[in-house]
**Q** 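One structure follows; several queries about it will come next.
The chains referred to below are lettered A, B, ... by the order of the sequence lines, with proteins before strands, and numbering in each begins at 1.
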Protein chains: 2
Amino acid sequence: MNVLLVHAHPEPTSFVAALRDRAVETLTAEGHDVVVSDLYAEGWNPVAGPADFVVRADPDRLSLQAEQAHASRTGGFAPDLARELDRLERADLVVFSFPLWWFGLPAILKGWVDRVFAFGRVYGGGRWYSDGALRGKRAMLALTTGGPEHIYTPDGINGDLETLLFPVHHGMFWFTGMQSVPPFVAWSAARVDEATRAGYLDEYAERLRSAFDAEPLAFPGLDAYDTTLRLKSAS
Amino acid sequence: MNVLLVHAHPEPTSFVAALRDRAVETLTAEGHDVVVSDLYAEGWNPVAGPADFVVRADPDRLSLQAEQAHASRTGGFAPDLARELDRLERADLVVFSFPLWWFGLPAILKGWVDRVFAFGRVYGGGRWYSDGALRGKRAMLALTTGGPEHIYTPDGINGDLETLLFPVHHGMFWFTGMQSVPPFVAWSAARVDEATRAGYLDEYAERLRSAFDAEPLAFPGLDAYDTTLRLKSAS
């Protein structure tokens, strides 16, 4: 299978970089073809805007969706973006590895989604959720947190991690048709001892080995919604 | 009062830019002092990393929190970041105006938070939530959505907007001690007619005029949590 690993951490000796290396090693040993988009190392530009397009439908006024649609028809995406789009479309499994910053994706990774999940190629025209253009693919988050597990719960001071990640699992992955493997979380990664960190790496390798078999997070498909896009059971 | 308006949209003639202009006009007429951080226009760099610091505690290995702590003590933040930190600390009300992209902040705005909400100056040492360094300030989101209100509900296909914005309201604003004014939302901004958009602008102006008086979103204070940082009522 083809795996795209999107890695977002500025420090090459960080624990998130160790997660990246373990993922490449593990998935390669399983016979998969692994491509790494190392966003900091590659100087990825996360700012969606005019630089996304080599040809414009309307050079005077920027509508990102309209330009994405136009670029999807004409092949007019900027080279960095076109490369990532190709990588995404080729992948059977997409893994994001990152530190949880301000309860979400680091900006460089959020901007990978903002730019690469382009109208036309990746969504639009009724292709969303269970009819999404990326259906058949799987996606998985691998993240580090600043605090321990029990504070990312419904009663914990930081709130429930499932709620915090809902915009990613549901709004990015499921919206485009990808099924999410449950996230791998290295709790308090910077504050635990070496043995715990080594255990995290082993646990992560195990999770990656079962990524194509694991039960995905469950979200309703389009047939669960009525014509106004509300759950049928609620109407 | 001092208001900091952080504006994130690439197109100067967009509806979000109209929201920005109406906010400046309205708040100025109310006698407030308004500063605009126009992130696209100013070429804001949203990528937290080595460029955040003019002097490093450890030039060989980047720990963002350690460098932020060091820069907070020594005044070692890069000029762009130092300017935004000063603006943030001077503000009584912080407004983010942006299009909801992939169910969250555009990367350029997420990276404003990643860089400006710095350990030392903005949080750390027990200063969080109701003891946050920014307590006494208010914050407000003003956003446009791609779809209509009823699809951003618990039964709607995109999920509940309150849940989608929890990482911002709770994880960014409340975490640093700021109380959130309920968000202003211009539903389906690109798909409604001119009269509806004009109505949105009037409604927004009204909401801004009451921003210092409105009942803020309610989140528990530190005294609601036990020593393990779980809600007392749950233990």
**Q** Find the distance between OG1 (B:Thr163) and CD (A:Glu162) and round it off to the nearest 0.5 Å.
**A**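 Separation between the atoms: 10.5 Å.
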**Q** Quick one: what part of B:Tyr225 sits under 4.5 Å from any heavy atom of chain A, side chain, backbone, both or neither?
**A**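 Contact with chain A involves the side chain of B:Tyr225 alone.
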**Q** What's the spacing between A:Arg230 CZ and B:Asp155 CG if we round to 0.5 Å?
**A**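 The CZ atom of A:Arg230 sits 8.5 Å away from the CG atom of B:Asp155.
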**Q** Below 4.5 Å, heavy-atom pairs only: which of A:Ile151, A:Asn45, A:Leu105, A:Asn158 has the largest tally toward chain B?
**A**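 Top count of heavy-atom pairs under 4.5 Å with chain B: A:Asn158.
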**Q** Need one label for B:His170: side chain, backbone, both or neither, based on atoms under 4.5 Å from any heavy atom in chain A.
**A**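 Contact with chain A: side chain only.
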**Q** For the interface with chain B, which of A:Val168, A:Val113, A:Leu222, A:Ile108 has the highest count of heavy-atom pairs at distances below 4.5 Å?
**A**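 Highest number of pairs under 4.5 Å: A:Val113.
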**Q** Quick check on B:Tyr123 against chain A: is it the side chain, the backbone, both or neither that has a heavy atom closer than 4.5 Å?
**A**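 When you check distances to chain A, only side chain atoms of B:Tyr123 fall under 4.5 Å.
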**Q** So which heavy atom on B:Pro46 is nearest to which on A:Ala107, and how close?
**A**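 In terms of heavy atoms, the two residues are closest at O-CB, 3.4 Å.
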**Q** For A:His150 and B:Thr228, work out which heavy atoms get closest and say how close.
**A**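 Reported closest heavy-atom pair: NE2-O, 2.7 Å.
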**Q** Which value, rounded to the nearest 0.5 Å, describes the distance between B:Trp102 atom CH2 and A:Phe173 atom CZ?
**A**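 Here the rounded value is 11.0 Å.
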**Q** Could you have a look at A:His9, A:Gln65, A:Arg115, A:Glu11 and say which one has the most heavy-atom pairs with chain B under 4.5 angstrom?
**A**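 Result: the option with the highest number of such pairs is A:Glu11.
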**Q** So, do A:Phe175 and B:Phe103 sit near enough that their side-chain heavy atoms are less than 4.5 Å apart?
**A**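 Touching, per the 4.5 Å side-chain cut-off.
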**Q** Checking heavy atoms, do the side chain of B:Ser63, its backbone, both or neither come under 4.5 Å from chain A?
**A**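 Contact with chain A involves no heavy atom of B:Ser63 at all.
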**Q** In terms of heavy-atom proximity below 4.5 Å to chain A, should B:Tyr40 be classed as side chain, backbone, both, or neither?
**A**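 The answer is the side chain of B:Tyr40.
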**Q** Checking heavy atoms, do the side chain of B:Ala48, its backbone, both or neither come under 4.5 Å from chain A?
**A**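 Its backbone and side chain both get close to chain A.
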**Q** Within the structure provided, determine whether B:Leu64 and A:Trp101 are in side-chain contact (heavy-atom separation under 4.5 Å).
**A**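 They are in contact (side-chain heavy atoms under 4.5 Å apart), so the answer is yes.
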**Q** Identify which of B:Trp112, B:Trp174, B:Phe166 forms the greatest number of heavy-atom pairs closer than 4.5 Å to chain A.
**A**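 Most pairs with chain A among the choices: B:Phe166.
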**Q** Taking the side chain as everything from C-beta on, heavy atoms only, tell me whether A:Ile157 gets closer than 4.5 Å to B:Trp128.
**A**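 Sidechains of B:Trp128 and A:Ile157: in contact.
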